[in-house]
S.K.: 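Input: one structure, supplied below.
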Amino acid sequence: WSAFAPDFKELDENVEYEERESEFDLSDE
Amino acid sequence: NLPMAMRFRNLKETSKQSVGVYHSHIHGRGLFCLRDIESGEMVIEYAGEVIRASLTDKREKYYDSKNIGCYMFKIDDHLVVDATMKGNAARFINHSCEPNCYSRVVDILGKKHILIFALRRIMQGEELTYDYKFPFEDIKIPCTCGSRRCRKYLN
Amino acid sequence: TVLLALHDRAPQLRVSEDRLAVTGEKGYCMVRATHCVSRGTWYWEATIEEMPEGSATRIGWGQEYANLQAPLGYDKFGYSWRSRKGTRFHESRGKHFSSSYGEGDTLGFLITLPDS
């Protein structure tokens, strides 16, 4: 099923998201 | 009867053999049993990207703008698992007003995990469902679970 | 005495014993002072003691409803000055303000509120 969505990544376990410095900003510099 | 941490240790491998994603009469695709599952058995983790709750609004707006279906599960007031772009088969588990599974947030070695357990014995071929427990809202989302005690709306 | 608040902050921040310094890691979050102002002109200063590679600060003035699990300047309840590129932020909109600041710099923040 994950092959149908090329941007999707199948995981075996949780991954902790690493926030960018501009994570909350309206436009990403 | 084993401790949670021990039951969790083998889950990533065993869940791939015990459940699979197929077409669902409830909605789109669903998660189905590939073998009989015992009552109380730990079935699968709802895995994805662990994000801070303060990031969910922006992410939801982004997904809506791209017409991407949003798959998020709240761990607690501070953390959310976002399985929209990175996740496992658990994201396909549909809601039912008469579910055969339930979810629990379990702390294992200092990290919180969303785990899906069987409420009763589930036979091979059955679709796995749990009660989403959406909060009450004015704008209603119709429920398509088709169960006898269907509450008509998800929220 | 105005100090960094222990109960008005993101819990993951580490506040020093004297409550005059704070250290963070990973994503942006906020700590506020123990006292607030509502009228008149006020000023405070902060010094950047350490700023490792890849880290940044957004410092300024904020109101009670500003989200502590976001940088200051994320919503309408705060106004901040960022170390990286010296950008000012309000409602998540960054605008050019000054050149960047960093380790060893002392920053001053002035606010002028109506007297009534």
Side-chain angles (χ1 to χ4, degrees), chain A, chain B residues 8-16 19-24 28-32 44-59 61-63 66 68-69 71-73 75 79-92 105-106 108-115:
Chain A
W1 52 268
S2 62
F4 288 107
D7 293 337
F8 180 83
K9 185 169 185 237
E10 191 175 347
L11 301 176
D12 280 338
E13 58 187 4
N14 282 345
V15 297
E16 199 180 300
Y17 178 63
E18 285 191 20
E19 294 174 20
R20 297 160 294 143
E21 192 275 325
S22 56
E23 193 67 45
F24 290 86
D25 302 338
L26 273 175
S27 51
D28 185 355
E29 286 182 79
Chain B
F8 178 74
R9 203 185 304 160
N10 296 322
L11 189 62
K12 351 177 194 200
E13 288 313 313
T14 57
S15 62
K16 283 187 176 160
V19 295
V21 179
Y22 297 92
H23 169 75
S24 162
R29 287 172 284 184
L31 196 67
F32 290 77
I44 190 169
E45 176 181 15
Y46 191 103
E49 270 189 313
V50 180
I51 62 170
R52 281 196 286 166
S54 50
L55 289 178
T56 54
D57 279 350
K58 197 167 181 231
R59 281 194 173 211
K61 284 191 180 110
Y62 173 77
Y63 295 144
K66 300 282 182 196
I68 299 171
Y71 295 78
M72 290 195 194
F73 200 128
I75 290 176
L79 293 174
V80 167
V81 171
D82 182 0
T84 307
M85 301 303 294
K86 290 182 185 172
N88 70 354
R91 71 205 280 281
F92 290 108
V105 176
V106 177
I108 293 169
L109 302 174
K111 288 209 157 118
K112 290 185 179 179
H113 299 266
I114 299 165
L115 299 174

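In what follows, chains are A, B, ... by sequence order, proteins preceding strands, each numbered from 1.
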S.K.: Please report the shortest heavy-atom distance between B/Ala47 and A/Glu13, naming the atom on each side.
M.R.: CB-C, 4.0 Å
S.K.: Taking B/Lys16, B/Lys111, B/Arg52 one by one, which has the highest count of heavy-atom pairs under 4.5 Å against chain A?
M.R.: B/Arg52
S.K.: Could you look at B/Ser15 and say if it's the side chain, the backbone, both or neither that has a heavy atom under 4.5 Å from chain A?
M.R.: neither
S.K.: So for B/Tyr22, is it side chain, backbone, both, or neither that comes closer than 4.5 Å to the heavy atoms of chain A?
M.R.: neither
S.K.: Under a 4.5 Å heavy-atom cut-off, does chain A meet the side chain of B/Lys86, its backbone, both or neither?
M.R.: both
S.K.: Calculate, to the nearest 0.5 Å, the distance between atoms CG and CD1 belonging to A/Asn14 and B/Ile75 respectively.
M.R.: 6.0 Å
S.K.: Taking side-chain contact (heavy atoms from CB on, under 4.5 Å) as the definition, give me every residue that meets it alongside A/Tyr17, ordered by chain and number, with sequence neighbours left out.
M.R.: A/Glu19, A/Arg20, A/Glu23, B/Glu49, B/Ile51, B/Leu55, B/Arg59
S.K.: Please find the pair of heavy atoms, one from B/Ala83 and one from A/Phe8, that lie closest to each other, and give the distance.
M.R.: O-CE1, 3.6 Å
S.K.: Closest heavy-atom contact between A/Leu11 and B/Asn88?
M.R.: O-CB, 3.4 Å
S.K.: Sequence neighbours excluded, which residues qualify as salt bridge (charged side-chain N to carboxylate O under 4.0 Å, His left out) partners of B/Lys112?
M.R.: B/Asp76
